[in-house]
Asks: 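Below: one structure in structure tokens.
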Amino acid sequence: MNETRFDPSQVDGRWQRAWDKQDCFRADSNSAKPKSYVLEMFPYPSGRIHIGHVRNYTMGDVLARYKRMTGHEVLHPMGWDAFGMPAENAAMEKKVHPGEWTYQNIENMKAQLKRLGFALDWSRELATCSPDYYGHEQALFLDFYESGLVYRKESAVNWDPVDQTVLANEQVIDGRGWRSGALVEKRKLSQWFLKITQFAEELLDGLGSLQNWPEKVRLMQENWIGKSSGLQFRFDLSDGGDVEVYSTRPDTIYGASFVAVAADHPIAQAVAEKNADAQDFIEQCRAGGTTAEELETAEKLGFDTGITAKHPFTGAALPVYIANFVLMDYGTGAVMAVPGHDQRDFEFATKYGLPIPRVVAPSAAEADKPFDGEAESGDGVLVNSGELDGMSVAEAKALVISRAESEGWGEGKTVWRLRDWGVSRQRYWGTPIPFVHCDSCGVVPVPKDQLPVKLPEDVDVSIPGNPLERHPTWKHTSCPKCGGAAQRETDTLDTFADSSWYFIRFASQPKDKPFDPAEAAAWLPVNQYIGGIEHAILHLLYARFWTRALKHVGMLDVSEPFAQLFTQGMVTHETYSRKSAENGQPVYYSPAEVDRTGEGATLKADGQPVEIGRVIKMSKSKKNVVDPDQIVDLYGADAVRWFMLSDSPPERDLPWSEAGIEGCSRFVQRLWRLFAQYDAAAEGEDKALARKTHQTVAAVAEDIEGLSFNKAVARIYELTGAVEKAKPSASRSEAIRSILLLIAPMMPHLAEEGWAQMGDGALVAEASWPAVDEALLVDDEVTIAVQVKGKLRDTLTVAKGMPKDELEALALASEKVQRSIDGAAIRKVIVVPDRLVNIVI
RNA sequence: GCGGGCGUGGCGGAAUGGUAGACGCCGGGGACUUAAAAUCCCCUGAGCUUUGCUCGUGCGGGUUCGAGUCCCGCCGCCCGCACCA
């Protein structure tokens, strides 16, 4: 091997072609080896891969390659989440067909991924926008329909009256359409829903089996599903009607001081019909934002309807308000408000001068303790509550529910926060929903033998609105039932449907059906799923639902799709800016425009300093982005991959830095020089180095399995340092060879190039993980700490397993220890074998 | 507001209740070179009266022979969210 520089631009492509040629990474479903399914969340084909993708796919790749080395048949596929709004936006802006734009992006991004040398089974590549994929999705949707998991109901959408189109939430900015600037209206449409709530209990219980998911994700899903138990009951109203309310705190019923209903509640509607002020107030509520964040910062507002509700226990007349903080979608859309023990009610009562009675106190003696500016929602003792006085919250809750049930004015009820999944989208670039509307037969499913219902190609995408709706011929068809004239459904499916089963299609892709149950079950569940935390709730919950729905219709015997989940952190970068001379606003510069020296940074264009800002998530607006292609050009795939794995724990953010990638690039060269020193003929044993080698191999394996890549990297650096210092020997040669195999999953091109010299003629991609000699994992000497009163005074290197009394004697013999003791009486000596001796004086 | 997470050198971070700062980056010094790059070696938490000592893991308490780690109370930062009654 020549001691020249390792040149990635010459080497990387050569090995990538070699892997392709030998079809190394094709997964064999019929293999007898233990199977391992490694999957990273597939990307949206936006045009260019992002450095965050590189981090995500590098992690998965290391695991996939490692699993191959340890004798597994690995499925590591890649595909494209190819339907969605950006394609339609691009179509409108650039006058290009969404399909053309999407497939061009896929081609570009695939080339980018190939340059990074990922061990992917490209034979299973799929794009969700292909009829080969979405046709099967339509079939599944029909199966769900057959089994009663699909239904239609009225639901509101954001309607832009100028563009005559439905807007997504993200297209509504401050209540206006992003393109037209028109005030957005709510419009009710008949839409398709999937009955995810039918599985609410199962989806909640299933979380318990997902022990290899991050605790935080399970908690987020649990909160999202939101099971609660409480009391649903009726208040009789002064106008002769009544109102159903739901409360999770029926124990506080004596503390109710008003009743609040949502703006969309029938009572509010009825009041508004006769009262223009009420109508105005309801309009005002609808104009406000709908996200939690906006609502939290919004002031609590209400409208007194003049109606009163009769308290079931005290008979008191409680005012009924229309309030902006009550949700129509949860419970009954009406609440009994208990200001003393609910913060929202507290703020509302304070604003409108309503009474704030205390009905729960820390103790019975504190029944009239004033509130300290906020509601108290914790546990305590019931007070000022008649027959409930003295009870705990739980006791009172149970008593009120049983009393309501026996007296017939209410009942205990479990309420879920989870709502059914609305899948209708009034857009072109999605999976057509396979139904037709017939005047005489109603809504009729398209027969499976007529699938796929393909999107028309010849559409006008240059103007807003749904091209399917206005296409001259596409929607006109005949009814499958009666043969009469009928119209196709023009809604398409939410793209979350596409990503809810792609991992199944990866595992098995027959032409004539969505998947083969046996083949799919052989691979599933995914052994390791890796992706961003932003998908913690929706995508992961929908995929869990879809999998259960498939089980429900008898197509797949799998409950949970992802056995192990890992959520990786973001890639961040510092920002470079100057204050604009005109308005004082910062002007940002990209890393490529800046020279970064040790201390500061200057703009290449004028050599003058720029301000270095905080390290934050990469974003186009702050220009703190790096382009994967550029850095691969500069440093090669292996240095970039190594950087992605170094330093930061994978679940935390990774700050990209010029200096960091330079360091990685230097390490590639350092290893290359070390590989050149490999000498198969070297003789002699170096026991200490052999021990270090085997310890490192074992530890790196453990680190990779636990996805602690940063620790694996640190250990490899350490072993490399030790090998460089060691004199030639058979042990040293073994160590060099081991390092090559350890880095093979991480820096596969460098490893192949080295393996060509020291391997067996085959690819390192086909090599086995080095074997570990258990006997070498244990040291025969240990360094123990000697403390006096808990402070370190000396260290001793002793034989492993030295008995306590010998350790104590050795410690006391230490001169440094004697000096610290300074003649004081020894009260106690604590000896932990192989660890430390602590002398207490 | 609710839910979750995190605070360790100049920076990213190591550390089964047992030698805090492994490993990397930055910085400093030296070797090699006509010179530079590359490479190699040494130093690099703070302070002090420097054979060594003291302090030090966001802040204040506590448990323990011993706390970055466990407990209680604060402070700060980050993430998620559909006001969930």
Side-chain angles (χ1 to χ4, degrees), chain A residues 5 214-217 219-220 222-224 226-228 230 245-250 252 260 290-298 300 323-327 329-332 334-338 341-345 347 374-375 377 415-419 533-534 536-537 569-570 574 597-599 615-617 642-643 646-649 651-655 657-664 666-667 669-670 673 708 710-718 720-721 724 783-796 816 819-820 827-830 832 834-841:
Chain A
R5 274 183 73 78
E215 176 74 31
K216 62 176 169 179
V217 175
L219 251 162
M220 283 162 88
E222 186 180 328
N223 292 338
W224 189 265
K227 182 179 187 176
S228 72
V245 302
Y246 172 76
S247 174
T248 56
R249 289 295 301 276
T252 61
T290 53
T291 70
E293 216 178 331
E294 284 171 307
L295 290 165
E296 289 295 347
T297 51
K300 306 278 176 287
N324 66 349
F325 66 91
V326 178
L327 297 178
D329 290 324
Y330 186 80
T332 60
V335 300
M336 74 163 184
V338 184
H341 307 284
D342 181 284
Q343 187 58 27
R344 290 156 304 178
D345 300 349
E347 286 170 31
E374 58 183 21
S377 55
V415 166
W416 301 85
R417 188 174 164 276
L418 185 68
R419 299 199 290 258
I533 187 70
E534 67 272 22
I537 297 175
M570 297 177 300
E574 56 191 12
T597 56
E599 298 293 300
V615 175
I616 54 169
K617 177 181 179 173
W642 187 251
F643 184 95
S646 303
D647 292 353
S648 288
E651 69 279 9
R652 284 205 223 165
D653 291 350
L654 171 68
S657 78
E658 202 69 10
I661 184 69
E662 295 274 0
C664 293
R666 277 200 298 273
F667 186 61
Q669 300 300 334
R670 192 174 149 199
R673 288 191 301 272
S708 297
N710 58 319
K711 290 193 227 170
V713 163
R715 289 185 215 281
I716 290 168
Y717 273 119
E718 223 170 319
T720 302
E724 284 168 339
T783 303
I784 67 161
V786 183
Q787 301 177 333
V788 177
K789 277 179 76 179
K791 283 188 198 292
L792 182 74
R793 294 302 173 196
D794 201 359
T795 57
L796 298 171
K816 288 173 183 172
R819 210 183 310 140
S820 287
R827 300 207 338 246
K828 195 174 178 184
V829 179
I830 288 143
V832 182
D834 297 339
R835 275 286 179 192
L836 60 57
V837 179
N838 186 11
I839 297 155
V840 187
I841 55 172

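Basis for what follows: all heavy atoms, side chains included, without hydrogens, waters or symmetry-related copies. Letters A, B, ... mirror the listed sequences (proteins, then strands); counts begin at 1. Here the structure is a predicted model, which is why all the values come from computation and not from measurement.
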Asks: May I ask which nucleotide in the shown strands pairs with rG1(B), Watson-Crick or G-U wobble, both distances under 3.5 Å?
Replies: rC81(B)
Asks: Where the side chain of S648(A) is concerned, which of rG12(B), rC83(B), rA85(B) is the nearest nucleotide?
Replies: rG12(B)
Asks: Before you tell me yes or no, could you show the steps for R670(A) and T720(A) under side chain to side chain contact (heavy atoms under 4.5 Å, CB included), namely the whole-Å CA-CA distance, both residues' side-chain angles and the distance that decides it to 0.1 Å?
Replies: CA-CA 9 Å; R670(A) 192 174 149 199; T720(A) 302; 4.0 Å; yes
Asks: Do the side-chain N or O atoms of K828(A) get closer than 4.0 angstrom to the phosphate oxygens (OP1, OP2) of rC65(B)?
Replies: yes
Asks: First locate atom CG of N223(A), then atom CG of L418(A), and finally report the distance between them rounded to the nearest 0.5 Å.
Replies: 12.5 Å
Asks: Roughly, in whole Å, what's the span from NZ in K216(A) to C1' in rG5(B)?
Replies: 6 Å
Asks: Please tell me which of the listed nucleotides, rG18(B), rG4(B), rC25(B), lies nearest to the side chain of A659(A)?
Replies: rC25(B)
Asks: Enter the distance from M220(A):CE to E215(A):CD here, rounded to the nearest 0.5 Å.
Replies: 12.5 Å
Asks: Summarise how protein sits on nucleotides 47-58 of chain B as a single string, 5' to 3': B when a protein heavy atom is under 4.0 Å from the base, S for sugar-phosphate-only contact, - for no contact.
Replies: -----SSSS---
Asks: Please round to the nearest 0.5 Å and tell me the distance separating atom CD1 of I839(A) and atom NZ of K789(A).
Replies: 13.0 Å
Asks: With a 3.5 angstrom cut-off on both distances, give the Watson-Crick or G-U wobble partner of rA15(B), or none if there isn't one.
Replies: none
Asks: If I take atom CD in residue E651(A) and atom P in nucleotide rG7(B), what distance separates them, rounded to the nearest angstrom?
Replies: 10 Å
Asks: Less than 4.0 angstrom between a side-chain N/O of R652(A) and OP1 or OP2 of rG7(B), yes or no?
Replies: yes
Asks: Using a cut-off of under 3.5 Å, enumerate the N/O to N/O pairs linking the protein to nucleotides 37-44 of chain B.
Replies:
from: rU39(B); atom 1: O3'; to: R673(A); atom 2: NH2; distance (Å): 3.4

Asks: To the nearest Å, how far apart are Q787(A) CD and rG66(B) P?
Replies: 10 Å
Asks: Is there a Watson-Crick or G-U wobble partner for rG52(B) with both distances under 3.5 Å, and which nucleotide is it?
Replies: rC48(B)
Asks: Taking 4.0 Å as the cut-off, does a side-chain nitrogen or oxygen of N710(A) come that near to OP1 or OP2 on rA14(B)?
Replies: yes
Asks: Measure from CG on L418(A) to P on rC81(B) and round the result to the nearest Å.
Replies: 16 Å
Asks: Would you kindly give the CZ-to-C1' distance between R827(A) and rG66(B), to the nearest whole Å?
Replies: 13 Å
Asks: Drop me the distance from K816(A)'s NZ to L796(A)'s CG, to the nearest 0.5 angstrom.
Replies: 9.5 Å
Asks: On the nucleotide rC84(B), are OP1 or OP2 found under 4.0 Å from the side-chain N or O atoms that R344(A) carries?
Replies: yes
Asks: For D653(A) and rC78(B), what is the distance between atoms CG and P respectively, to the nearest whole Å?
Replies: 12 Å
Asks: Could you tell me how far apart D647(A) (CG) and rC26(B) (P) are, to the nearest whole angstrom?
Replies: 11 Å
Asks: Could you check whether the rings of W642(A) and F667(A) sit parallel, tilted or perpendicular, using 30° and 60° as the cut-offs?
Replies: parallel
Asks: May I ask which nucleotide in the shown strands pairs with rA37(B), Watson-Crick or G-U wobble, both distances under 3.5 Å?
Replies: none
Asks: Send over the distance from K711(A) NZ to rA15(B) P, rounded to a whole Å.
Replies: 4 Å
